[in-house]
Each structure stands twice: as C-alpha cells, then as structure tokens.
Amino acid sequence: MSVTPDQLMNAVVDAADDKKAMNLVTLNLQGISLIADYFVICHGNSETQVQAIATEVRKRAEELGARVRGTEGMDTARWVLVDLGDVVVHVFHRDDREYYNIERLWSDAKVVERV
C-alpha cells in the first residue's frame, strides 16, 4: 500500500511539530505547480533544532514507506530541504526564513488548515 500525499503531509507536519518547529505552515500547491502537491514550511531557532526537525521528518516519511528523494542543507542547517516527491519540506533557521520568505513567493497557494 502506498502512502497518499495527504497522509505524507500530515505525517511530516506531525513530525515537525513533535520537534517544536516554529510557525508551521502547509501550502497546497495542487493545480498551481507541478513541483509538488504540498510545501511544508517551518523554522527552528538553532542549527541543532533545524537538523532535528529535518531528521524526524525523514524518519517518519520512511516509516510510512515514502521514498526520500533527497535532502539538501543539513551540513549548514540554515535551510534544509527534504524532497519527498509530492511533499517538499523546507526547514529554515529563523533568520533565513525571514530573509527568503518563500510563503510570499507562493502566495497563490492555499494554506492548509489542520484541526
């Protein structure tokens, strides 16, 4: 059984939340971009926290049977990108998130509200 994009998105959001990710935002890119169905964006307050969030996201995705296509930025932990195919996770250091402000770049996307 393969994991759906919605299941994967929920699992990685939970993983990031468990590691105390700050300002967690999920953008629904369906119908807007062919890159992915969802962008999950969050930040940590230190390089250690950024790495912990990204590591937990990878772990949960693998536990679901999702393929991790790539991870970039773990060495500096300023902006870590975890490519899970239908879900792309951006884990920023707080200062870098403010600078890049990728939510603004994807302002056409709807923010996913979780209850």
Side-chain angles (χ1 to χ4, degrees):
M1 181 174 124
S2 74
V3 62
T4 67
D6 287 349
Q7 291 170 323
L8 183 56
M9 177 268 297
N10 282 309
V12 299
V13 167
D14 288 343
D17 192 48
D18 287 351
K19 292 298 177 184
K20 309 295 185 227
M22 307 296 294
N23 197 13
L24 195 52
V25 175
T26 302
L27 301 179
N28 184 337
L29 301 177
Q30 295 173 27
I32 295 172
S33 174
L34 298 175
I35 294 171
D37 288 346
Y38 296 103
F39 272 3
V40 176
I41 306 163
C42 62
H43 72 265
N45 291 318
S46 68
E47 287 86 356
T48 303
Q49 185 183 18
V50 168
Q51 290 172 332
I53 294 165
T55 299
E56 188 67 19
V57 163
R58 284 181 56 104
K59 179 180 155 219
R60 297 274 183 95
E62 288 169 346
E63 287 172 355
L64 278 177
R67 185 174 138 230
V68 178
R69 296 172 186 238
T71 303
E72 298 290 331
M74 284 292 276
D75 51 340
T76 60
R78 301 300 294 184
W79 177 358
V80 177
L81 184 135
V82 182
D83 183 355
L84 304 170
D86 293 325
V87 179
V88 176
V89 183
H90 301 268
V91 186
F92 287 94
H93 188 282
R94 177 187 61 244
D95 301 333
D96 293 87
R97 183 172 185 179
E98 293 170 10
Y99 177 78
Y100 289 106
N101 194 7
I102 65 171
E103 293 99 318
R104 182 181 45 80
L105 296 174
W106 292 94
S107 60
D108 292 348
K110 291 186 177 108
V111 175
V112 176
E113 299 292 332
R114 287 180 23 124
V115 184

Inset, instruction - Output every pair passing side chain to side chain donor-acceptor pair (under 3.5 Å) with a member in residues 45-57, not counting sequence neighbours, ordered by first then second residue. - result: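 Qualifying pairs, neighbours excluded: N45-R94, E47-R78, E56-R60.
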
Inset, instruction - Report yes or no: do I53 and M22 belong to one cluster of Ile/Leu/Val/Met/Phe/Trp/Tyr joined by side chain heavy-atom distances under 4.5 Å? - result: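 Different clusters: I53 never reaches M22 through Ile, Leu, Val, Met, Phe, Trp or Tyr contacts under 4.5 Å.
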
[X] and [Y]: which non-hydrogen atoms are nearest, and at how many Å?
| X | Y | value |
| --- | --- | --- |
| A36 | G85 | CB-O, 3.6 Å |
| V80 | G73 | CG2-O, 3.5 Å |
| P5 | V87 | O-CG2, 3.8 Å |
| L24 | A16 | CD1-CB, 4.0 Å |

Legend entry - Listed partners of R104 passing side-chain contact (heavy atoms from CB on, under 4.5 Å), at least two apart: N101

Legend entry - V25: hydrophobic cluster co-members (side-chain, 4.5 Å):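 Reading the cluster by chain and number, V25 sits alongside L27, L29, I32, I35, F39, I41, W79, L81, V88, F92, Y99, Y100, I102, L105, W106, V111.
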
Approximate separation, where rounding is to 0.5 Å, of [X] [atom1] and [Y] [atom2]:
| X | Y | atom1 | atom2 | answer |
| --- | --- | --- | --- | --- |
| N28 | D6 | CG | CG | 8.0 Å |
| T4 | N10 | OG1 | CG | 8.0 Å |
| S2 | Q7 | OG | CD | 8.0 Å |
| K110 | D108 | NZ | CG | 10.5 Å |

Legend entry - D86 vs L84, side-chain contact (heavy atoms from CB on, under 4.5 Å): CA-CA, chis, key distance, verdict: CA-CA 6 Å; D86 293 325; L84 304 170; over 6 Å; no

Legend entry - Pairs where residues 26-38 contributes a residue and the test salt bridge (Lys or Arg N to Asp or Glu O under 4.0 Å) is met, not counting sequence neighbours: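 The answer is none; no pair qualifies.
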
Legend entry - Steps toward side-chain contact (heavy atoms from CB on, under 4.5 Å) verdict (V50, H43): CA-CA 7 Å; V50 168; H43 72 265; over 6 Å; no

Inset, instruction - Go through the structure and list residues passing salt bridge (charged side-chain N to carboxylate O under 4.0 Å, His left out) with E72, not counting sequence neighbours. - result: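 With neighbours one apart ignored, the set is empty.
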
Inset, instruction - Kindly write out the residues that satisfy salt bridge (charged side-chain N to carboxylate O under 4.0 Å, His left out) with R97, not counting sequence neighbours, or none if the list is empty. - result: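 So R97 forms a salt bridge (charged side-chain N to carboxylate O under 4.0 Å, His left out) with E103.
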
Legend entry - D83 side chain near V68 side chain, heavy-atom distance below 4.5 Å: no

Legend entry - H90 vs V40 side-chain heavy atoms within contact, under 4.5 Å: no

